[in-house]
Amino acid sequence: MRYLDEYRDGDAARKLLDAIASAVTQPWTIMEVCGSQTHCFLKYGIDRMLPEHVALIHGPGGPVCVTPVEIIDQAIALALRPDVILVSYGDMLRVPGSAKDLLSVKAEGGDVRMVYSPLDALKLAREHPDRKVVFFAIGFETTAPANAMAAVVAEREGIDNFFMLTSHVLVPPALEAIASAPDNRVQGFLAPGHVCTVTGYVDYERLAERYRMPIVVSGFEPLDLLQATYMLVQQLEAGRHEAENQYSRSVKREGNPQALAIMDSVFEVVDHGWRGIGVIPRSGLRLKGPYARFDATRAFSLDTVAAPATESVCIAGLVLRGIRKPVDCPAFGSDCTPEHCLGAPMVSSEGACAAYYHYARQEAAR
Amino acid sequence: MTFFPECPLPLDEYPRVLLAHGGGGRLTQNLIERVLLPSFDNPFLAPLHDGALLDVDGGRLAFTTDSYVVQPPFFPGGDIGRLAVFGTANDLAMCGARPLYLSCSLIIEEGLPMEDLWRVIVSMKEAAVEAGVQVVTGDSKVVERGKGDGVFINTAGIGAVLSGLDVGSQRVQPGDEIVLSGSLGRHGIAIMALREGLSLDAAIESDSAPVFPLVEALVDEGIDIHMLRDPTRGGVSSSLNEIAGKSGAGIVIEESRLPVGPEVQGVCEILGLDPLYVANEGNFLAFVGAGQGERAVEVLRGYSLGREAVVIGRAVEEHPGVVIMKTLIGGERIVDVMSGEQLPRIC
């Protein structure tokens, strides 16, 4: 199929693997930031084809994995209200809150619906004027412009039964938190191409300079990741630390100005909690100005109840920060599986634990 | 006082049935293996094949049942009626049996347009002719509005096992070649594209069709068939995992050989789905003796339904019970059972 096959070509992959192998003279530890990249590495078995000297650490992954338990609990509380239709992206439905997940709430009779676009949530609000439609708006910068657009349309059309429970997070502050941590092992980043399609990579140039770490903006197909890895190890070997763009068919240095403008007009940057990591300064987005009235936490006066601290062997926090691998967890594959998970990375389709469980369990057992 | 033994699916895990319990993945497997199988334990059920094999007066019968709840009931390439006939007929074919007789049980929701019901029944009638079966018994119930979803259909079927044919996972052995008779995922993607309101240049049609003639052709050509399975709910990955699990063989498939049409591939990329997990309704997997795969493919390609047939892999001694895929770029990975429903990713 055009635009796919050329990025999954076996011969080209082998050439890039050879190039990486001959470029590397010493051990390097690199992090792919996005969960879709982790999944591609494991789904195609690339992680095991790379030279031993190139160690991959899996980053914070998908927005689903880092959404705080407290916000999931708020979504669950809303979904249990008879006057509410809770609308979410599918991936979020299986992520455990402190007691249950949204799919279980649906089985109990809560009106939980899955959509592919925030505009579908607006449509539901128009169709059900007697109900309150709450859209669980999560995501990195990738989904933020479309979610912002939903607020703009709701405002313009005066839809007053539409609300958003937001958990929007920003990638550069998280990379900064990882790079500046005293126990950091990461020497270079593969940055998320879809996020950078929206934001561009000027911020990443600053990060590269400040932490003297090379960053390569990468796509999501096997050849994208191999080429980006090659670019990254070339920088590492040469002692360079620049932000480079492998995903040039989609990403421009300045990003997408329209998308950035609408984000900026609807959201303000705030401190935000990341599941497993903690609060990262100025790493989240909140509805502002005339759009604040759509904020579900205000409209429903939701309290943030701290999730009860639980004794768990789960090391999701360490996995999300790249300190440990999923298979290092004592619960991996035994007490924690996608059907009955202890941590979000096992259940999200972008989570590192799920990637290992689905694609490389055998390897883990060896 | 009624005594209820403790439910074998621990309540702390799932106090209520989830949709994923019906998705054909691991939760469905749990439901079958922990709740249903031990309750009805007997040697006919135990192999958990597509149907039970029953010896009756010197002959061998295959007996199966299936319920159809597809929403929407009418879709490109078929409807719930065709599915209800072909699905059950195909389960019989997967037992190596010629489908003969079907029952038809309808659960109809009050308010269903009579026109819709008629369309379904006419469609079943035509499908029965096409599949060479007769609907010989049935039942109909109507439930109150809101208590059903238009129409649900259950069909049970009886077929006669082709003489000398013995298919079952116990016959799968290292060296067996795995033939897939048609391209992946057309039924599931046709339904999903319709549900999601995707407007495509050309509508993807369900592959819903009766497969028995293809099975018979393989038998007539003297192909040594060890195992048959139609990869419906849960797709090819779930079927292969089940067979690997039950036979104890390892399975290796080659990604480059998987037949996926460009429309199916395109929708899968958009929705974040893997065609290996998507339902099929008009193809099947055949495990045939070592060295017979290409010959089987040649036979199948003589039929329009089998024109995309291909050898996708083989059974091996290594990694017993595990399905491994050689990826397009030369790597290897596990092909796992789906854990719940396939949910779309968000970015």
Side-chain angles (χ1 to χ4, degrees), chain A residues 1-5 8-14 17 34-36 39 42-49 62-64 89-94 100 103-104 106-108 114 116 120 138-140 142-143 192 194-195 222-223 226 337-340 347-350 354 357-363, chain B residues 9-10 12-21 25-27 29-30 195-198 237 250 255-256 260-266 268-274 276-277 318-319 321-347:
Chain A
M1 189 176 184
R2 268 186 85 195
Y3 307 123
L4 281 182
D5 294 344
R8 298 176 184 176
D9 179 73
D11 292 335
R14 269 182 292 280
L17 280 162
C34 176
S36 297
H39 271 253
L42 278 105
K43 188 172 174 186
Y44 288 91
I46 302 170
D47 55 322
R48 279 154 286 160
M49 298 167 82
V64 163
Y89 295 128
D91 222 12
M92 199 67 223
L93 300 179
R94 275 203 304 233
K100 55 178 111 173
L103 277 186
S104 307
K106 182 166 176 253
E108 284 169 32
M114 184 185 88
Y116 284 90
D120 291 339
I138 66 154
F140 289 142
T142 334
T143 53
H194 291 156
V195 167
L223 290 191
L226 282 168
T337 63
E339 292 77 44
H340 188 68
V347 72
S348 159
S349 68
E350 300 183 322
Y357 187 85
H358 288 306
Y359 303 133
R361 205 155 69 240
Q362 196 74 355
E363 197 68 15
Chain B
L9 277 183
D12 58 337
E13 279 186 37
Y14 294 104
R16 287 172 195 269
V17 174
L18 303 184
L19 268 178
H21 281 108
R26 196 171 278 116
L27 288 189
Q29 210 176 315
N30 286 352
R195 264 192 216 167
E196 299 306 330
L198 295 184
S237 69
E255 186 170 22
S256 61
V260 186
E263 299 85 0
V264 169
Q265 181 77 50
C268 281
E269 294 291 334
I270 292 168
L271 298 182
L273 307 172
D274 185 338
L276 274 176
Y277 295 91
E318 299 81 42
H319 50 81
V322 175
V323 183
I324 299 278
M325 179 154 86
K326 294 211 185 295
T327 69
L328 282 179
I329 63 154
E332 276 189 9
R333 68 150 160 118
I334 291 181
V335 177
D336 197 17
V337 183
M338 189 166 60
S339 12
E341 297 172 273
Q342 278 207 98
L343 296 175
R345 61 183 179 213
I346 71 154
C347 68

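These values consider heavy atoms only, across backbone and side chains, with no hydrogens, waters or symmetry-generated copies. Lettering of chains follows the sequences in order, A, B, ..., and the numbering in each one begins at 1. No experiment lies behind these values; they were computed from the predicted model shown.
The minimum heavy-atom distance linking A/Ser104 with B/Leu18 is given by the pair CA-CD2, 4.0 Å. Closest heavy-atom contact between B/Ile334 and A/Ala360: CD1-C, 4.1 Å. The shortest non-hydrogen separation linking B/Ile329 to A/Ala13 is CB-CB, 3.7 Å.
Residue with the most contacts toward chain B among A/Glu108, A/Lys43, A/Met49: A/Lys43 (heavy-atom pairs, distance under 4.5 Å).
Atom CG in B/Leu271 sits 4.0 Å away from atom OH in A/Tyr116 (nearest 0.5 Å). A distance of 4.5 Å separates CD in B/Glu269 from CG in A/Leu4, rounded to the nearest 0.5 Å.
When heavy atoms are compared at a cutoff of 4.5 Å, A/Lys100 does not approach chain B at all. There is no contact between B/Val260 and chain A, counting heavy-atom distances below 4.5 Å. There is no contact between A/Leu223 and chain B, counting heavy-atom distances below 4.5 Å.
Of the residues B/Arg333, B/Glu255, B/Met325, the one that meets the side chain to side chain contact (heavy atoms under 4.5 Å, CB included) test with A/Tyr44 is B/Glu255.
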